[in-house]
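Chain naming here is simple, since letters A, B, ... match the order of the sequence lines and numbering starts at 1 in each.
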Amino acid sequence: GENVEQHPSTLSVQEGDSAVIKCTYSDSASNYFPWYKQELGKRPQLIIDIRSNVGEKKDQRIAVTLNKTAKHFSLHITETQPEDSAVYFCAASPNTGNQFYFGTGTSLTVIP
Amino acid sequence: DAGVTQSPTHLIKTRGQHVTLRCSPISGHKSVSWYQQVLGQGPQFIFQYYEKEERGRGNFPDRFSARQFPNYSSELNVNALLLGDSALYLCASSLGQVEKLFFGSGTQLSVL
């Protein structure tokens, strides 16, 4: 089955700096890669996603890049704000169904 | 917003007991998936149901079962509870079988 690895497990940045979280996947059949933000005690919320026919996608301060050949994808957050502090999960899903394989999460702390 | 709703929010059970968790998807969503999230880890796929049929099953024992009703709501049942079943159980819904997942707030299950 699919195996998703996520790094780093914790990340601290100064407010205004950029944050980058990286994930790798093993199954070349995976073609949908969402990113979720989970605040303490709350539900995971979809923040951005990318499909395998696209190399990069941007939504305001958040961007995701995908390298299909290397089987890795990354989340980029620019101009970080304290409210960006949360746990971020990457996931991969094959097109055969909605079985998502999640990474182990990155705890992001933005220091004011 | 009328998002995914789960009940109960918290539950305490003892080993060997049985538990039923409930989920109502976003209106119009026909697919429901169940995930188990252990503290400090990413969600792990348990089941997916689409149009009332099981479309995927994760690596969980037969003690775990689920079903989807004609109104697309769903139940997750766990028999013979073990201490290791203590986790946050997340339900997610999507429009179709291969679509963006929207999570509920989860049921926190504690097995004593």
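Interface summary for chain B: among A:Pro44, A:Pro34, A:Ala91, A:Gly105, the most heavy-atom pairs under 4.5 angstrom belong to A:Pro44. If you tally non-hydrogen atom pairs under 4.5 Å between each of B:Gly56, B:Gly42, B:Gly106, B:Gly58 and chain A, the highest count goes to B:Gly42. Of the listed residues A:Val87, A:Leu46, A:Thr104, the one with more heavy-atom pairs under 4.5 angstrom with chain B than any other is A:Thr104.
Between B:Phe45 and A:Phe102, the ring center distance fails the sub-6.0 Å criterion.
Heavy atoms of A:Tyr101 lying under 4.5 Å from chain B are absent altogether. At a 4.5 Å heavy-atom cutoff, A:Gln6 makes no contact with chain B through either its backbone or its side chain. Of the atoms belonging to B:Leu88, it is side-chain heavy atoms, and not backbone ones, that fall under 4.5 Å from chain A. Looking at B:Gln37, the atoms closer than 4.5 Å to chain A (heavy atoms on both sides) all sit in the side chain, from C-beta outward.
The aromatic rings of A:Phe33 and A:Phe73 lie tilted to each other, with the angle between the two planes from 30° to 60°.
Each of B:Gln36, B:Arg63, B:Lys13 was evaluated against B:Asp85; a single residue qualifies, B:Arg63, per the side-chain hydrogen bond (donor to acceptor under 3.5 Å, both in side chains) test.
Distance CG/A:Asp49 to NZ/A:Lys57: 4.0 Å, rounded to 0.5 Å.
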**OP:** I would like to know whether A:Cys90 and A:Val4 meet side-chain contact (heavy atoms from CB on, under 4.5 Å); could you show each step before the answer?
**Re:** CA-CA 8 Å; A:Cys90 63; A:Val4 178; 3.6 Å; yes
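Judged by distance alone, the side chain of B:Glu75 and the main-chain N or O of B:Thr20 form no donor-acceptor pair under 3.5 Å.
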